[in-house]
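Just so you know, these numbers come straight off a predicted model, no measurement behind them. Just so it is clear: chains get the letters A, B, ... in the order the sequence lines come, proteins before strands, and each one is counted from 1.
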Number of protein chains: 2
Amino acid sequence: MPATELKDDAMTTTDTVEQATGPDQIFDDLYNRIITLDLLPGTKISETEVARSSGYSRQPVREAFTRLANLNLLLIRPKRATIVRPFSRDLIANARFIRAAIELEVIRQVADARDTSVDAKLKNSLKAQRDAIADADTAAFHDLDYDFHRLLCQSAGRPAAFDLIAANKAQVDRLCMLSLTSTAAMQDLYDDHTRLVDALLSGKAPEAETILRKHLGRLDPIIDAIYTTHSGYFEE
Amino acid sequence: MPATELKDDAMTTTDTVEQATGPDQIFDDLYNRIITLDLLPGTKISETEVARSSGYSRQPVREAFTRLANLNLLLIRPKRATIVRPFSRDLIANARFIRAAIELEVIRQVADARDTSVDAKLKNSLKAQRDAIADADTAAFHDLDYDFHRLLCQSAGRPAAFDLIAANKAQVDRLCMLSLTSTAAMQDLYDDHTRLVDALLSGKAPEAETILRKHLGRLDPIIDAIYTTHSGYFEE
DNA sequence: ACACCAAAACTTGTATACAAGTCAACATCG
DNA sequence: CGATGTTGACTTGTATACAAGTTTTGGTGT
């Protein structure tokens, strides 16, 4: 799940494995609720309220709020209130830009000199994606898509790069939750993935770049559509 | 200065201009001291101590600590202590990777369709860099270099992209403070800048990419050298 | 009924007190 | 003299109380 991965991004503890502590639980819970639109953009959310319902004090809640605000998922208005951050054309464009930049460099690295020990996992992922499409299981496909792009970072020898990709991906995914994903769309994404893997394993960097740009660009018309149909969830 | 720019990165307030509040002052102060190596890697730093010397309570200090830890400048070891984060080969490699990825996409955008209103500022910056070299003013050149790369982001229409570049640049700059910058090195950097601007203004994207990769790669031998001469500041 | 003002009920920001864990110094025993 | 156990002085994590500001609500006067 996205939250558990992203948690490492803002982790301040050592690399020793530790059970989820107070702020982490609150962070994960709120993160999931925001990402899944259980908490809609603009929803007011109070430190005191979350503290009560979570059983913790306001202090851990504040820490979780800060981390979520740094991810542009919460908007803290001092002395006023804290709300789930509305969508923003500018923030989304930035997130798209950053993700594309990093992932393009990732696949360049993969095409040039990849970690071949990840090859099997990539092929396994493709097979699992095929199965998810056969079952019309959109949720499973979404998770597999997430893992697929993480595997690409691992193959590039830059697993940490996925933290940034995930953070910016979340920004866009939250928006796209408003659009139903059809099996046809899944098929398109899967075809991109297979063609991308083919190009990467044969070292065709320019072709891989073209495929990835088109792959990431598939979201643009969806974003535009949602902007017109759900303008109420956007800022201003 | 880097700190004031970076502050916006972690800003949680609205976009209204506000005077520096408690945590921001502490953050800026610590940020500068860490970046300039006034606080060396491994230095123990206590919330209580900083709170006393700054006149604030522990709470604002904690917030500043968290932000600095998220930038990989502090390492908070729960219940043990907080130290200025030692250098890490892995973190530096990641920072180099991320910065290169973003800046390469930036210059591709500039070469493709730039904001021409920034052209004059770029040329002014180049002239100022020339003057700094003539005066052998390394500090001034460093600041101009910082501004130059920010201008590139503006020219690409993605000023926010510079926040990430700056954050990762700081990670490397802190290390390179250990190496004295010669006027010869400045001249090399300046030559890169001029050739980069030439390529960008004539829309030669591939050439610009090559120049930028070489430009960013100039730090690699310096990093390696410092790793051997100052291994004590590295983790493990 | 409507405009306006005041007070109460919110919000986040800060300070202080306490809890839990780690580490180091030191006394004590073999 | 050395190893060891215990106590104390640190550290960060958490809870609570208070301060400052905003928004809403209700009453009052016109």
Starting from [atom2] on [N], measure out to [atom1] on [X] and report it in whole angstrom.
| X | N | atom1 | atom2 | result |
| --- | --- | --- | --- | --- |
| A:Tyr56 | D:dG13 | OH | P | 14 Å |
| A:Glu63 | D:dA15 | CD | C1' | 14 Å |
| B:Phe27 | C:dG13 | CZ | P | 17 Å |
| A:Gln59 | D:dT16 | CD | C1' | 10 Å |
| B:Arg62 | C:dT14 | CZ | C1' | 14 Å |
| B:Leu74 | D:dT11 | CG | C1' | 15 Å |
| A:Gln25 | D:dT14 | CD | C1' | 14 Å |
| A:Arg77 | C:dT12 | CZ | P | 10 Å |

- Which parts of residues 42-53 of chain B get close to DNA chain C, meaning a heavy atom less than 4.0 angstrom away? none

Mind checking what makes side chain to side chain donor-acceptor pair (under 3.5 Å) contact with [X], not counting sequence neighbours?
| X | value |
| --- | --- |
| A:Asp29 | none |
| B:Arg218 | B:Asp192 |
| B:Gln154 | none |
| A:Asp112 | none |

- Item | Ion pair B:Arg158/B:Asp115, N-O distance below 4.0 Å | no

With a 3.5 Å cut-off and sequence neighbours excluded, list the donor-acceptor pairs that the side chains of residues 165-176 of chain A form with protein atoms.
| from | atom 1 | to | atom 2 | distance (Å) |
| --- | --- | --- | --- | --- |
| A:Asn168 | ND2 | A:Leu164 | O | 2.7 |
| A:Lys169 | NZ | A:Asp145 | OD2 | 3.4 |
| A:Lys169 | NZ | A:Asp173 | OD2 | 3.1 |
| A:Gln171 | NE2 | A:Leu71 | O | 3.1 |
| A:Arg174 | NH1 | A:Arg85 | O | 2.9 |
| A:Arg174 | NH2 | A:Arg85 | O | 2.9 |

- Query: Parallel, tilted or perpendicular for B:Tyr146 and B:Phe162, by the 30°/60° rule?
  - Reply: perpendicular

Would you tabulate the pairs of protein nitrogen or oxygen atoms and nucleotide nitrogen or oxygen atoms of nucleotides 17-26 of chain D closer than 3.5 angstrom?
| from | atom 1 | to | atom 2 | distance (Å) |
| --- | --- | --- | --- | --- |
| D:dT23 | OP1 | A:Arg80 | NE | 3.0 |

- Item | Phosphate OP1/OP2 of D:dT11: any B:Thr82 side-chain N/O under 4.0 Å | no

- Work out how much the helix from C:dA1-D:dT30 to C:dG30-D:dC1 bends between its end axes, five pairs an end, to the nearest 10 degrees. 20°

- Query: Do any pairs count as a ring pair (Phe, Tyr, Trp, His ring centres under 6.0 Å) and have a residue in residues 63-95 of chain A, sequence neighbours left out, and if so which ones?
  - Reply: A:Phe87-A:Phe234

- Residues which pass side chain to side chain contact (heavy atoms under 4.5 Å, CB included) with A:Ser46, listed by chain and number, not counting sequence neighbours: A:Thr48, A:Glu49

- Kindly write out the residues that satisfy side chain to side chain contact (heavy atoms under 4.5 Å, CB included) with B:Asp220, not counting sequence neighbours, or none if the list is empty. B:Arg96, B:Ile223

- For B:Glu235, what residues pass the salt bridge (charged side-chain N to carboxylate O under 4.0 Å, His left out) criterion, not counting sequence neighbours? none

